[in-house]
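Keep in mind the model is a prediction, meaning the values are calculated, not measured. Lettering follows sequence order; numbering is per chain, from 1.
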Amino acid sequence: MNFKRPRGTADILPEDQPYWSHVYSTARKVADQFGYRRIDTPTFEDTNLFQRGVGDETDIVQKEMYSFEDHGGDGITLRPEGTASVCRAYIENGLHNSPQPVRMFYTAPMFRYERPQAGRFRQHHQFGCEAIGDQSPKVDAEIIELGWKYIADLGIKNVTLRLNSLGDPEGRADYLSDLDKYFRAVAGQLPKLDRARLDRAPLRVLDSKARETQALADAAPKSVDYIKDEAKEHWDELLSLLDNLKEAYPDFSYKVDHRLVRGLDYYNRTVFEYEPLDAGGQGTLLAGGRYDPLIGILGGQETPAIGFGSGIERMILELKKQEAEIAPSAGPDIVVVSLGDAASAGFKLATELRAANVSTILAPSRSMKAQMRFANQQNASNVVIIGDREVENGVASVKNLGEGGHQAEVSLDAASIANHIRPVGNE
RNA sequence: GUGGGCGUAGUGAAGAGGUUAUCACGCUAGGUUGUGGCCCUGGAGACGAGGGUUCAAUUCCCUCCGCUCACCCCA
């Protein structure tokens, strides 16, 4: 009986790692440019944190959490998303005593019990950013800009930004009741699925994929027409800030989409989503919004906040789809090829080279030809060949594996050799 | 949870109701024990599981399992 990885999980093999390091290093670099500092929180948390934070009624909490009781009887859940944990950490560590807003980012695995499909897994990874402690629309714009720059710097093209405002909870009742009224009136034209949705989550009817519904949803009451006062000012200012972004990012554009709603309960006001133009099913690359009520819900003092999460697997899928150029992982500086009795001298030399910070792999004990082939497959820049002849004369043959294949005899010591090697294609 | 598609070496494919299941790439050993990429030769490695039909099934049928895509939902 062979073991298999659990459903919905993936082995990220060495050959795939160049994509992952590209995404991680870009995320880190962009976060850095915006002054977001890394935070790491535990992989598992108190189950109640997510029930309260994400929302008891959401699908995530209802049917997708990996929850269990530990040996001490505590309710534990593998984190299904990042925001609740970051807010918990903000409260628990008294980060409201730091200069506000507190800007933080994370990259971490998330766990949801789902049926896997393209771009969806039971364990997936997210890069997320959160700005906590500032209600200004400038922070909304900043977070949206950060997401834009991240995607652009990754090398992903043809992405659209959609955004919407859900207003504040107090003002939302009117909108929800009008929306409900509207859909009830045309319920006969809705597919069965959407009629069911109308009962449990009227907002979700808006982003239905059914053609019949979409036409009706387009004409439905719009959230942005209902928001007023501060929420309205906030929204208008955000839009004008976003318009300004076009100067710095010529490709930047956004579309207000009143059908954009988000599945997590904690959002208010701004919500947004980045998606490839030709997105199929699981298209969303990055999504987020403002969640001013959340920290209060979790027991902290009312603190405005906004953030986003983005799926790393989905970014990589899109990079591959767009055939983006990714730097391949580098081969070693040196492969040491040793013959017969010189093997121990070869091992010693490899050690000395590494001590001199030259990346060095020892070729396996095979024929000369096989060792050379090995060096080539490792993508090595140089081989150092030592046989009995070299050991006797205290030298080593250093050969560059580029086009010319220049070879020279060098004194058999790490310093001389390190001094003599070149990268491939730069002789 | 619902619905579609698919299960042959590591990967991608071919195959027939009946002796050693084919090909390519990859892996590995060599091509007279000192020079890689190309080329040549050899080797290892597979019919998802269980039942049924049949003299005979990897091939036909059923069930299960797995993978995959879509819906739901979401990154």
| said: Under a 3.5 Å cut-off for both contacts, is B:rC74 paired Watson-Crick or G-U wobble with anything, and if yes, with which nucleotide? | reply: none
| said: If you only use heavy atoms from C-beta on, which nucleotide in B:rC73, B:rG36, B:rC69 is closest to the side chain of A:Gln117? | reply: B:rC69
| query | Contact class for A:Glu64 vs. all strands (heavy atom < 4.0 Å): base, sugar-phosphate, or nothing? | reply | sugar-phosphate
| said: Taking donor-acceptor contacts at under 3.5 Å, does the side chain of A:Gln407 reach the base of B:rU35? | reply: yes
| said: Please give the distance between the C1' atoms of B:rU59 and B:rA16 as a whole number of Å. | reply: 7 Å
| Say you pick atom P in B:rA75 and the same atom in B:rC65; how far apart are they, in whole Å? | 30 Å
| Within the pair A:Arg7 and B:rG66, is there a side-chain N or O less than 4.0 Å away from OP1 or OP2? | no
| field | Complement of B:rA46, any strand, by Watson-Crick or G-U distances under 3.5 angstrom | value | none
| task | Determine whether any donor atom in the side chain of A:Lys369 lies under 3.5 Å from an acceptor atom in the base of B:rU35, or the reverse, and answer yes or no. | result | no
| query | Cut-off 3.5 Å, side chains only: do A:Glu130 and A:Tyr291 have a donor facing an acceptor? | reply | yes
| Phosphate oxygens OP1/OP2 of B:rA75: is one of them under 4.0 Å from a side-chain N or O of A:Arg262? | yes
| Proximity to the side chain of A:Arg314 - top-ranked nucleotide from B:rC69, B:rC73, B:rC74 | B:rC74
| field | Donor + acceptor pair across side chains of A:Arg172, A:Ser223 (<3.5 Å) | value | no
| query | Do A:Arg122 and A:Glu114 sit within salt-bridge range, that is, some charged N less than 4.0 Å from a carboxylate O? | reply | no
| query | In Å, rounded to the nearest 0.5 Å, how long is the span from CG of A:Asp140 to CZ of A:Arg290? | reply | 4.0 Å
| field | Cation-pi check, A:Lys149 onto A:Tyr249 ring (under 6.0 Å, within 45° of axis) | value | no
| query | A:Met368 CE to B:rG31 P: how many Å, rounded? | reply | 13 Å
| With sugar-phosphate meaning primed atoms plus P, OP1 and OP2, does A:Phe121 contact a base, only sugar-phosphate, or nothing at under 4.0 Å between heavy atoms? | base
| said: If you go through the side-chain atoms of A:Gln62, does one of them form a donor-acceptor pair with the base of B:rG1 closer than 3.5 Å? | reply: no
| Pair assignment for B:rG66, Watson-Crick or G-U wobble, requiring both distances under 3.5 Å | B:rC6
| said: Pairing donors with acceptors under 3.5 angstrom, does anything connect the side chains of A:Thr284 and A:Glu273? | reply: yes
| message | Can you tell me the base-pairing partner of B:rG26? Count Watson-Crick or G-U wobble geometry only, both distances below 3.5 Å, and say none if there is no partner. | response | none
| Whom does B:rG34 pair with, Watson-Crick or G-U wobble, provided both distances fall under 3.5 Å? | none
| message | From C-beta outward on A:Asn376, which listed nucleotide comes closest to its side chain: B:rG36, B:rA75, B:rG3? | response | B:rG36
| task | Between B:rA57 and B:rC72, how far apart are the P atoms? Round to whole Å, please. | result | 46 Å
| Can you tell me how far P of B:rG36 sits from CD of A:Gln371, to the nearest Å? | 12 Å
| When rounded to the nearest Å, what value does the distance between C1' atoms of B:rG50 and B:rA13 take? | 28 Å
| task | Could you tell me whether A:Gln378 contacts a base, only the sugar-phosphate backbone, or nothing, with contacts defined as non-hydrogen atoms closer than 4.0 Å? | result | nothing
| Taking the nucleotide of RNA chain B with the closest heavy atom to each, which residue, A:Met372 or A:Glu81, is nearer the 5' end? | A:Met372
| task | Return yes if a side-chain donor-acceptor contact under 3.5 Å exists between A:Asp178 and A:Tyr226, otherwise no. | result | yes
| query | Are any of the side-chain nitrogens in A:Lys348 or A:Glu352 under 4.0 Å away from the carboxylate oxygens of its partner? | reply | yes
| task | When you get a sec, tell me which of B:rG36, B:rA29, B:rA75 is the closest nucleotide to the side chain of A:Arg366? | result | B:rA29
| query | Quantified in whole Å, what is the C1' atom distance between nucleotide B:rU8 and nucleotide B:rC23? | reply | 13 Å
| field | Rounded P spacing from B:rG31 to B:rC67 in Å | value | 45 Å
| Taking any strand in view, what nucleotide pairs with B:rA16 in a Watson-Crick or G-U wobble way, both distances under 3.5 Å? | none
| said: Does B:rC73 have OP1 or OP2 under 4.0 Å away from a side-chain N or O of A:Lys63? | reply: no
| remark: Regarding the side chain of A:Arg115, the nearest nucleotide among B:rU2, B:rC73, B:rU35 is B:rU2
| Does a side-chain N or O from A:Gln377 land closer than 4.0 Å to OP1 or OP2 of B:rC27, or not? | yes
| note | Rounded to whole Å, CZ of A:Arg5 lies from P of B:rG66 at a distance of 13 Å
| task | Between B:rG7 and B:rU63, how far apart are the C1' atoms? Round to whole Å, please. | result | 15 Å
| query | Rounded to whole angstroms, how far apart are CG on A:Leu317 and C1' on B:rU68? | reply | 13 Å
| task | Quick one: label A:Ile312 by what it contacts on the DNA or RNA (base, sugar-phosphate, nothing), any heavy atom closer than 4.0 Å. | result | nothing
| remark: Mate of B:rU58 across any strand shown (Watson-Crick or G-U wobble, both atom pairs under 3.5 Å) is none
| request: Please determine, for the side chain of A:Arg204, which listed nucleotide (B:rG36, B:rC73, B:rA75) has the closest atom? | output: B:rC73
| remark: From NZ of A:Lys192 across to P of B:rU2 the rounded distance in Å is 14 Å
| said: Looking at B:rA75, I'd like to know if its phosphate oxygens (OP1 or OP2) sit under 4.0 Å from a side-chain N or O belonging to A:Gln126. | reply: no
| Closest-nucleotide ordering on RNA chain B, the 5'-leading residue of A:Arg200 and A:Pro6 | A:Pro6
| Looking only at atom P, what distance separates B:rC73 and B:rU53, rounded to whole Å? | 47 Å
| task | Test for a donor-acceptor pair under 3.5 Å between the base of B:rC72 and the side chain of A:Arg197, counting only N and O atoms. | result | no
